[in-house]
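Everything on this sheet refers to the single structure shown next.
Here is the naming used below: chain letters follow the sequence lines, and residue numbers restart at 1 for every chain.
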Amino acid sequence: MDKKEIVSVLNKISILYELKGENFFKIRAYQAAARALELSDINIDSNTLESELISIKGVGKSIAAQIIELSKNELPDLYKNLKSSIPAGLLEMLKIQKLGPKKIKFLYDEMGISDIGQLESACIENRIAGLPNFGKKTQDNILHGIELVKKFSEAFLYSIAAGQAETIVEKLQSSGHITHISIAGSLRRKKGVVKDIDIVACTQNPGDAMDIFTGLSQVSEITAKGETKSSVRLKSGINADLRIVENFQYPYALHHFTGSKEHNTAMRSLAKKSGIKMNEYGLFKNDKLIKCRDEKEIFSVFNMEYIEPELRENTGEIEAAASRSLPGIIDDKDILGLFHFHTDYSDGNMSLRQATVRLIEMGFSYCGISDHSKTAAYAGGIADEKIAAYIENTNIVKNEFKEFTIFSGIESDILADGSLDYSDEILSLFDFVIIAVHSSFNMNRKAMTERIIKGMQNRFATILAHPTGRLLLARDPYDVDINEIIDAASAYNVDIEINASPFRLDLDWQNCKYAKEKNVKIFINPDAHSLEGFNDYRYGVNVARKGWLEKTDIVNTWQADKVALHLSRKKQAK
DNA sequence: GCCGTTTTCGGCCCGACTGTTTTCAGTCG
């Protein structure tokens, strides 16, 4: 079993323990170990030693032994026994809102209910209301929750949720009385996929603000309404929470509701060590508030640098902030040019000229065109005999815009055997060659990894595009060893892109640190097919920020002449 | 189950809202 599968088993054990009613801290220990393992750089195989595993904070002897068993493809007895003692349907039942492990356990133990179907019938037959600690309201909530499980996914693309959150903030702001307001939660941390919308605000009239919030036209249902917290479900299916606090509490509340949960837990435990209590209303020493005007001052109390929201995942940012060694992460304005876009030579709906005009308007100083190659028939890829015309057109536009640099490129398919779909003769005509997998996704891990590495060995390969091929919420990544890909990129001097399409965000932020460690250079590419698509580069910046990347790591934050040198050196070196 | 610059035992982050209860457990974030 590989690391990903092992992480999944550890998480399953924690869920099974929850349904068993096990000790809360034991449950959390498994969750913590799973997460620690996931985020560590350790590569797990059948030779992995206990000592390596125990060195990961959160993994002890017991869990290390289970990981070792799993790495040898043996399921630990503990897991087998747990799994066989708990019907799979109970796990599904956890997806129902307002229904947690305790109630599920009760329903199973006392009523023999072991899946969503049985639960639904029991509710319809009015057999749930009347049970101890269950009433009519709970029964209705369960039925409603079941309906939602059937209807909605639990996750939404950042781009969709962010748009809706911004609209809500604007409406609350225009209603007056708001003194502070911000999007918080995973949206503020710029996760690619989010579960809900969190908003923190201060106002002189909390009642009014709650009324406005719960009365918004996009609200389909009010799930909670109080003086300081209200929750609604939007018509889109996304849940949104509004928290209202006093002005002086705003920085603490903003930090608290921005999370992540793991970051907060770590911060609180750190606070506790210095005798400070930390919650959404403040920092307290001996019940006395330590005044902070903004989030920056909260971190200062602990003698830490300000931690950007994107970094707050408890992946080392707290330690780095304490030792004043946080990375200087990039900003939208650091991006000076955009590569990887498609024009009407393949499946884009704009000409190179139109693209260039737009990019100049957006303030960029260079770009790199890369239409699809001949194998991508579905995308109108360019046949061998049309390459000359494609390059000629690029040259015409190049000459028209002297102050703006256009790099000439192509997105060449990595075929199933690892070869690229153009001859070296054709590939040599370009300033850069993006290589990508667009077909035969169902290869096994070893074969897929070897295929991509062979593609990178081509002497003209410049950038590897969307390295895992995933489509968020729609298509799993193909089976590939991403660390091996990064190692190979380092060895064969190939850059990797962060595909900034909100549907892809591939390379993922969690792999960026390893790429940086291996000195692999990164491009943030919009993969635009239309003029509007260029704006997507910002989503890629979000990924780079979460991934601790700095300007030195990201090629398209460099000036055009440096990029030109970088590309030509790559071509000559190979 | 994990962890330790007071600790190898005894802790483990904290609070709002709901619904079912008469003081609180469960769920969620």
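Relative to the ring axis of Tyr158(A), Lys190(A) does not place its NZ or CZ within 45° and under 6.0 Å from the centre.
At the phosphate of dG4(B), neither OP1 nor OP2 sits under 4.0 Å from any side-chain N or O atom of Lys273(A). At the phosphate of dC17(B), neither OP1 nor OP2 sits under 4.0 Å from any side-chain N or O atom of Ser230(A). Contact check, Asn23(A) against dG1(B): no side-chain N or O comes under 4.0 Å of OP1 or OP2. Contact annotation: Tyr281(A) does not reach the phosphate of dC14(B) (side-chain N/O to OP1 or OP2, under 4.0 Å).
Side-chain contact between Val7(A) and Lys4(A) is absent, with no heavy-atom pair separated by less than 4.5 Å.
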Using atom names, set out every protein N or O paired with an N or O of nucleotides 25-28 of chain B below 3.5 Å, distance rounded to 0.1 Å.
{"residue": "dT27(B)", "atom": "OP1", "partner": "Gly100(A)", "partner atom": "N", "Å": "2.7"}
{"residue": "dT27(B)", "atom": "OP1", "partner": "Gly100(A)", "partner atom": "O", "Å": "3.0"}
{"residue": "dT27(B)", "atom": "OP1", "partner": "Lys103(A)", "partner atom": "N", "Å": "3.0"}
{"residue": "dT27(B)", "atom": "OP2", "partner": "Lys102(A)", "partner atom": "N", "Å": "3.2"}
{"residue": "dT27(B)", "atom": "O5'", "partner": "Gly100(A)", "partner atom": "N", "Å": "3.4"}
{"residue": "dC28(B)", "atom": "OP1", "partner": "Lys98(A)", "partner atom": "N", "Å": "2.7"}

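In this structure, the side-chain contact (heavy atoms from CB on, under 4.5 Å) partners of Glu295(A), at least two apart in sequence or on a different chain, are Arg188(A), Leu254(A), His255(A), Thr258(A), Tyr306(A), Arg312(A). Taking His144(A) as the reference, nothing meets the ring pair (Phe, Tyr, Trp, His ring centres under 6.0 Å) condition, with sequence neighbours excluded. For Leu143(A), the side-chain contact (heavy atoms from CB on, under 4.5 Å) partners two or more places apart in sequence, or in a different chain, are Glu120(A), Cys123(A), Ile124(A).
Taking syn as a glycosidic angle within 90° of 0, dT5(B) does not qualify and is anti.
The stretch residues 60-88 of chain A touches DNA chain B through Gly60(A), Lys61(A), Ser62(A), Ile63(A), each having a heavy atom under 4.0 angstrom from the strand. Contacts between residues 258-267 of chain A and DNA chain B, defined by a heavy-atom separation below 4.0 Å, involve Thr265(A), listed by number.
The partner of dT8(B), taking Watson-Crick or G-U wobble pairs whose two distances both stay under 3.5 Å, does not exist in any strand shown.
A donor-acceptor pair is defined here as one N or O able to donate and one able to accept, closer than 3.5 Å; no such pair exists between the side chain of Arg504(A) and the backbone of His466(A).
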